[in-house]
Amino acid sequence: MTFPAASTIFTSPSHYGLSSTQYGAMFLPQVVTAITASLLGSRLARRFSLKRVFLAGLLADLVSMGLLVTSQFFTSTQALAYGLLLAATAALGIGFGLVVPALNTFTAAFHPDGVDTAVLTLNALLGLGTALAPVFVALFVEVGAWWGLPVMSAVLLACLFLVSARLPLHPAGIEALARGAATVERQPLGIPPRFWLFAGFAVLYGICETMNGNWSQTLMSHLGASTTTASLALTTFWVMVTLGRVLFAVVQRVFPTPRTYHLLPFVLAGAFVLIALLPKGSTVLGVVAFGIAGLGCSALLPLTISFSQEQLVAMSSMVAGSVIAFYQLGYGIAAFGAGPLQGAGVSLSTIFGVTAVFALAMGGLSFVLARRHHRVTHLHPRPTLGSRLEAG
């Protein structure tokens, strides 16, 4: 979230001065490398060990933060600064695609008797990280040092790398997960037609989430919000994503998971309509609207992975990573696509309004993918080698 959280810095004429198209295109390398790394992660783990894959991902994240910090010294030469930003997002995608699956697998292996609780905690911590990024950016901007966030992240990543390198990250459960994944990958199985419905849902979700995660601060700036208020809107979005996941996990016995799956896309669609209709100066209402959008997004991706694992048993060890790859495709469509549309004269408010249609499409698909007899027993999907959780 460091890059989206600093969106106002990248588009500010006094800093990088990127156009909307350049800002959107900045995330394309991240999408490509994140999809590639997530799909190759299980094979790399079997060949080099999961610990080494995890450490490689941390190193890639560290390189990304270093390139981001370095780029600020070349803002007078935009082409060079932009090239460094592209390299930074590419490295970030590698780190994202390697680290999160490893964390997912370690969670299962180290907590075999309490996987659901452990994964819920992991989801909460991931959500906390996404929510804190815009807060720290706002704080560092206030003191005139926006680059403090990547510097702080780099220091913490270096510490995590050094500590992790000394830890015996080789629990017995990992070998069992690896053998299971390898067995499934050797089976000559076709892709069930139903998988493409889940893939389509994941693409739509990626578009909807990314419109909020990557473009909320830009829209808030158009409404006249300060940098701090714009950061607050993004923070509110991710806080509500996290709280919503915890809430729906707690109440799933009295509020069945299919019902949650059917409801949330329409909550999200309503939020998009509200955002599209925000008049200039309505910054407080904007923060509220993005909070509603966060609630609408909250449980959709975990439930998509859970339902797909329940229904696509023949490829259950691979389906999570595959669904996430299509989520990343949706991320790329929204991260890049909204930029050229604005360059062509389409207002960002209009783009948010049109995105409501994608949310409604998810609502329709949800009734096909999750019927009453498809009730899952756990909101957060159980980790498998090569699977991963969403970082937002």
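None of the values given here were measured: they were computed from a predicted structure. Values below: every heavy atom of this structure, side chains too, minus hydrogens, waters and symmetry copies.
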Study note, to complete from the structure: Nearest heavy-atom approach of Ala225 to Ala230 is CB-N, 4.2 Å
Review point. Can you tell which of Leu268, Leu264, Val267 makes a side-chain contact (heavy atoms from CB on, under 4.5 Å) with Cys297?
Key: Leu268
Review point. How are the rings of Phe248 and Phe255 set relative to one another: parallel (under 30°), tilted (30 to 60°) or perpendicular (over 60°)?
Key: tilted
**Study point:** Atom pair CG (Leu126) and CG (Leu103), whose distance is rounded to the nearest 0.5 Å
**Key:** 7.0 Å
Check your understanding: CG/Leu369 to CG/Leu303 distance, rounded to the nearest 0.5 angstrom?
Key -> 11.5 Å
Review point. Ala154 and Leu62: which non-hydrogen atoms are nearest, and at how many Å?
Key: O-CD1, 3.3 Å
Point to revise | Side-chain heavy-atom pair Met211, Leu348 within 4.5 angstrom cut-off | key: yes
Review point. Between the side chain of Gln328 and the main-chain N/O of Ile324, is any donor-acceptor distance below 3.5 Å?
Key: no
Review point. Going only through I, L, V, M, F, W and Y residues with side-chain contacts under 4.5 Å, is there a path from Leu197 to Phe307?
Key: yes
Review point. Would you find a donor on one side and an acceptor on the other, under 3.5 Å apart, between the side chain of Ser298 and the backbone of Leu295?
Key: yes
Point to revise | Under 3.5 Å: donor-acceptor pair, side chain of Ser282, backbone of Pro279 | key: yes
Review point. With side chains defined as the heavy atoms from C-beta onward, is the minimum distance between Val254 and Val251 less than 4.5 Å?
Key: yes
Practice item. Decide yes or no on side-chain contact (heavy atoms from CB on, under 4.5 Å) for Thr2 and Leu92, but give the supporting numbers first. Key: CA-CA 10 Å; Thr2 297; Leu92 185 65; over 6 Å; no
Point to revise | Joint cluster assignment, Phe3 & Leu28, ILVMFWY side-chain distance < 4.5 Å | key: no
**Study point:** Exercise: identify the closest heavy-atom pair between Gly213 and Pro4
**Key:** O-CB, 3.4 Å
Exercise for review: Kindly give the heavy-atom pair with the smallest separation between Ala5 and Val137, and that separation in Å.
Suggested key: O-CG1, 3.6 Å
Review point. Ring centroid separation for Tyr261 and Phe201, is it under 6.0 angstrom?
Key: yes
Point to revise | Trp215 and Phe290 aromatic centres sub-6.0 Å | key: no
**Study point:** Nearest atoms (heavy-atom pairs only) where Phe140 meets Gly148
**Key:** CE1-C, 3.5 Å
Review point. Are side-chain heavy atoms of Met65 and Leu149 found at a separation under 4.5 Å?
Key: no
Exercise for review: Mind checking the CD1-OG1 spacing from Ile94 to Thr89? Nearest 0.5 Å is all I need.
Suggested key: 10.0 Å
Point to revise | Contact check, side chains of Val354 and Val346, non-hydrogen atoms, under 4.5 Å | key: no
Review point. To the nearest 0.5 Å, what is the distance between CG (Leu18) and OH (Tyr23)?
Key: 9.5 Å
Check your understanding: Between Ser64 (side chain) and Ala60 (backbone), is there a donor-acceptor pair under 3.5 Å?
Key -> no
Review point. Are Phe161 and Leu156 in one and the same hydrophobic cluster, where Ile, Leu, Val, Met, Phe, Trp and Tyr link if side-chain heavy atoms are under 4.5 Å apart?
Key: yes
Check your understanding: Are Val143 and Val155 linked, directly or through other ILVMFWY residues, by side chains that come within less than 4.5 angstrom of each other?
Key -> no
Review point. So, does Ser366 use its side chain to make a donor-acceptor pair with the main chain of Gly363 at under 3.5 Å?
Key: yes
Review point. What distance do Leu285 atom CG and Ile275 atom CD1 have between them, rounded to the nearest 0.5 Å?
Key: 9.5 Å
Practice item. Give the intermediate values and the outcome of side chain to side chain donor-acceptor pair (under 3.5 Å) for residues Ser14 and Ser12. Key: CA-CA 5 Å; Ser14 60; Ser12 171; 2.9 Å; yes
**Study point:** Sidechain-backbone polar pair: Thr75 side chain, Ser71 backbone, donor-acceptor under 3.5 Å
**Key:** no
Review point. Do Thr210 side-chain atoms and Ile207 backbone N/O form a donor-acceptor pair below 3.5 Å?
Key: no
Practice item. For Leu234 and Met1, run side-chain contact (heavy atoms from CB on, under 4.5 Å): C-alpha distance rounded to whole Å, both residues' side-chain angles, the deciding distance at 0.1 Å, then the answer. Key: CA-CA 10 Å; Leu234 181 58; Met1 280 305 299; 3.7 Å; yes
Practice item. Output, in order, the C-alpha distance, side-chain angles, deciding distance and verdict of side-chain contact (heavy atoms from CB on, under 4.5 Å) for Phe326 and Trp196. Key: CA-CA 10 Å; Phe326 279 94; Trp196 298 110; 3.5 Å; yes
Review point. Can you name the closest pair of heavy atoms from Ala276 and Ser349 and give their distance?
Key: CB-O, 3.3 Å
Check your understanding: Is the shortest heavy-atom distance from the side chain of Leu128 to the side chain of Thr242 under 4.5 Å?
Key -> no
Check your understanding: Is there a donor-acceptor pair under 3.5 Å between the side chain of His262 and the backbone N or O of Ala370?
Key -> yes
Review point. Counting only N and O atoms by type, is there a donor-acceptor contact under 3.5 Å from the side chain of Gln342 to the main-chain atoms of Ile351?
Key: no
**Study point:** Any side-chain donor near an acceptor of the partner, Glu142 and Thr228, under 3.5 Å
**Key:** yes
Check your understanding: Any side-chain heavy atom of Leu219 within less than 4.5 Å of one from Phe352?
Key -> yes
Donor-acceptor list for residues 78-86 side chains, cut-off 3.5 Å, not counting sequence neighbours:
unit_1, atom_1, unit_2, atom_2, d
Gln78, OE1, Gln22, NE2, 3.3
Gln78, NE2, Tyr16, O, 3.0
Gln78, NE2, Gly17, O, 3.1
Tyr82, OH, Gln22, O, 2.6

Check your understanding: Heavy atoms, side chains only, cut-off 4.5 Å: are Thr8 and Trp146 in contact?
Key -> no
Review point. Does the side chain of Met240 come within less than 4.5 Å of Ile292's, by heavy atoms?
Key: no
Check your understanding: Ignoring hydrogens and geometry, is there a side-chain-to-backbone donor-acceptor pair from Thr33 to Ala90 under 3.5 Å?
Key -> yes
Check your understanding: Members other than Phe367 in its cluster, when Ile, Leu, Val, Met, Phe, Trp, Tyr link by side-chain heavy atoms under 4.5 Å?
Key -> Phe266, Leu360
**Study point:** From CG (Leu167) to CG (Leu162), nearest 0.5 Å
**Key:** 11.0 Å
Check your understanding: Should Phe48 and Leu55 be counted in the same cluster of Ile, Leu, Val, Met, Phe, Trp and Tyr side chains packed under 4.5 Å apart?
Key -> no
Review point. side-chain contact (heavy atoms from CB on, under 4.5 Å) between Val287 and Met220: does it pass, once the steps are laid out?
Key: CA-CA 8 Å; Val287 173; Met220 291 294 291; 4.0 Å; yes
